[in-house]
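Read through the structure below, which is laid out as structure tokens, and then see the notes.
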Amino acid sequence: MKEITIGKNQCGQRLDKFLAKVLREAPKSFLYKMMRKKNIKLNGKRAQGNEKLNEGDVVAMYLSEETLAKFSGAADGKVRSLVENTGTPLDIIYENEHIALINKPAGLLSQKAKPDDVSLVELFTQYAGAQEEGFSPGICNRLDRNTSGIVVAGKTLFGLQSMSQMFRDRQIKKYYLAVVEGVVEQAFTAEGYLRRDEKRNQSQLFDTQVPGSSYIKTGYKPLECDGTYTLLRVRLFTGKTHQIRSHLSSLAHPIVGDVKYGGCVSGRVRRQLLHAYEIAFPEMNEPFSDLSGRRFFAAVPDDFYKAGKFSFNLEERMRENETGSDVIHKRI
């Protein structure tokens with residue numbers, strides 16, 4: 001038998017979601033069966049699973065020690081080994097009680113794709129340390145494996161839920177750097193409809209809505225061109241998988257190194273040159289007043305400097321206020 005008193009990082013979620021985290025190896029059918037048979041109770045009463053947990057609630061599991069051990073799952077030794085043996089650091093840009101801003105390197109998954117993967121989530125969980133049972137730190141936005149830059153991670157349930165909602169509501173502005181093929185002379189905003197092909201892990205862009213497609217909007221501003229490549233500052237107005245990569249490819253300016261979407265490969269470039277460089281928060285109250293109206297930047301990776309003959313200092317230029325002038329609206 002095991003009892004768990006719900007704490008601040010466990011409340012606010014459904015009971016069945018909580019149980020799936022505590023007994024993460026158990027089938028959902030088993031959890032619902034145990035609730036029907038009253039082997040799992042909430043505050044001493046039979047539970048359905050859809051109850052929202054409050055701080056101070058008591059979840060009682062009348063299960064054998066063997067069953068609890070079987071379905072709880074073992075600690076991820078692979079993550080611990082990776083951190084201890086290689087000293088893999090997390091590049092923390094900023095953190096407070098509730099969240100952390102992390103500069104994810106290219107080559108690291110944001111979340112697991114396969115059970116034996118080690119991703120940013122596992123590394124951040126290791127970094128954040130012990131948590132209340134039934135809650136694990138997580139990330140609020142995702143980047144492709146070979147896209148580098150800022151990821152917002154939640155250290156508490158409140159932080160995780162608050163930031164995730166702000167991303168969904170598009171209150172947080174996201175800006176990227178991209179090195180693209182060809183000459184881009186003017187700033188513009190492009191719109192279209194993106195349809196995802198899960199089997200090919202690729203997205204296709206259309207100028208009108210088609211079945212299964214979603215509306216997208218992306219803003220581009222050229223910063224410098226060396227005659228072969230252009231360095232762009234990109235703003236995401238919507239956030240769909242491969243949005244920037246497919247949008248630029250459709251404009252005949254694929255990202256350098258992005259072979260999936262037609263980008264060229266250089267001996268000095270090992271991945272698509274796309275970097276989530278800047279994040280801007282709106283005006284905010286407690287407990288996020290320390291983020292209110294602030295912009296945060298992730299250091300530009302070395303491979304950006306190797307791609308083109310760009311003369312200026314990216315770190316200085318990117319901190320300039322955007323003018324928003326001379327924007328040409330394009331529809332793709």
Side-chain angles (χ1 to χ4, degrees), residues 1-26 28 31-32 34-35 40-63 68 71-76 79-80 90 92-102 110-112 119-142 150-169 171-172 279 281-292 294 296:
M1 187 266 192
K2 181 176 184 177
E3 282 191 350
I4 301 175
T5 300
I6 301 301
K8 64 179 182 179
N9 285 332
Q10 301 160 312
C11 63
Q13 59 185 315
R14 285 171 48 128
L15 173 60
D16 52 2
K17 301 294 185 183
F18 172 77
L19 292 172
K21 296 173 185 175
V22 175
L23 302 174
R24 56 183 177 272
E25 302 297 330
K28 289 183 179 179
L31 298 177
Y32 287 112
M34 291 300 99
M35 284 187 280
I40 297 178
K41 294 183 178 181
L42 176 62
N43 296 326
K45 299 179 181 179
R46 181 175 178 175
Q48 300 295 321
N50 60 353
E51 298 87 350
K52 181 170 284 190
L53 296 176
N54 297 305
E55 190 170 358
D57 283 348
V58 177
V59 177
M61 293 175 279
Y62 298 93
L63 305 172
L68 290 168
F71 289 135
S72 293
D76 193 344
V79 176
R80 189 181 306 109
L90 284 178
I92 304 294
I93 299 169
Y94 183 84
E95 67 178 308
N96 58 24
E97 176 187 353
H98 295 287
I99 70 163
L101 307 182
I102 305 168
S110 292
Q111 292 179 313
K112 284 185 176 185
S119 71
L120 181 63
V121 170
E122 284 73 49
L123 293 177
F124 182 66
T125 299
Q126 180 80 7
Y127 171 83
Q131 302 290 328
E132 293 175 341
E133 193 168 12
F135 169 76
S136 295
I139 58 175
C140 310
N141 63 306
R142 292 177 291 177
I150 300 178
V151 173
V152 179
K155 298 167 65 175
T156 64
L157 182 63
F158 178 75
L160 187 62
Q161 291 178 336
S162 298
M163 290 295 118
S164 296
Q165 187 62 51
M166 291 184 71
F167 275 114
R168 285 193 292 270
D169 294 341
Q171 297 181 56
I172 299 174
I279 193 167
F281 290 96
E283 297 297 323
M284 303 170 71
N285 299 319
E286 290 290 348
F288 296 120
S289 58
D290 59 319
L291 303 173
S292 183
R294 295 183 64 182
F296 295 88

Report yes if some heavy atom in the side chain of [X] is under 4.5 Å from a heavy atom in the side chain of [Y]; otherwise report no.
X: L42; Y: D57; answer: yes
X: I102; Y: I150; answer: no
X: Q48; Y: L15; answer: no
X: V59; Y: K41; answer: no
X: I99; Y: F288; answer: yes
X: K2; Y: Y62; answer: no

Once you round to the nearest 0.5 Å, how far does [atom1] of [X] lie from [atom2] of [Y]?
X: D16; Y: M35; atom1: CG; atom2: CE; answer: 6.0 Å
X: L120; Y: Q111; atom1: CG; atom2: CD; answer: 9.0 Å
X: L19; Y: R14; atom1: CG; atom2: CZ; answer: 11.0 Å
X: K17; Y: L31; atom1: NZ; atom2: CG; answer: 11.5 Å

Test Y94 against every option in L101, V152, I279 by the side chain to side chain contact (heavy atoms under 4.5 Å, CB included) rule and name the one that passes. L101
With no hydrogens and no angle check, just 3.5 Å: does a side-chain donor-acceptor pair link [X] and [Y]?
X: Q13; Y: K21; value: yes
X: S292; Y: E283; value: yes
X: Q161; Y: S164; value: no
X: E122; Y: Y127; value: no

Mind listing the closest non-hydrogen atom pair of [X] and [Y] along with its distance?
X: P287; Y: F158; answer: CG-CE2, 3.4 Å
X: K155; Y: F135; answer: O-CE2, 3.4 Å
X: A153; Y: F124; answer: CB-CE2, 3.5 Å

Over 12 foreign heavy atoms within 6.0 Å of CG, D169: yes
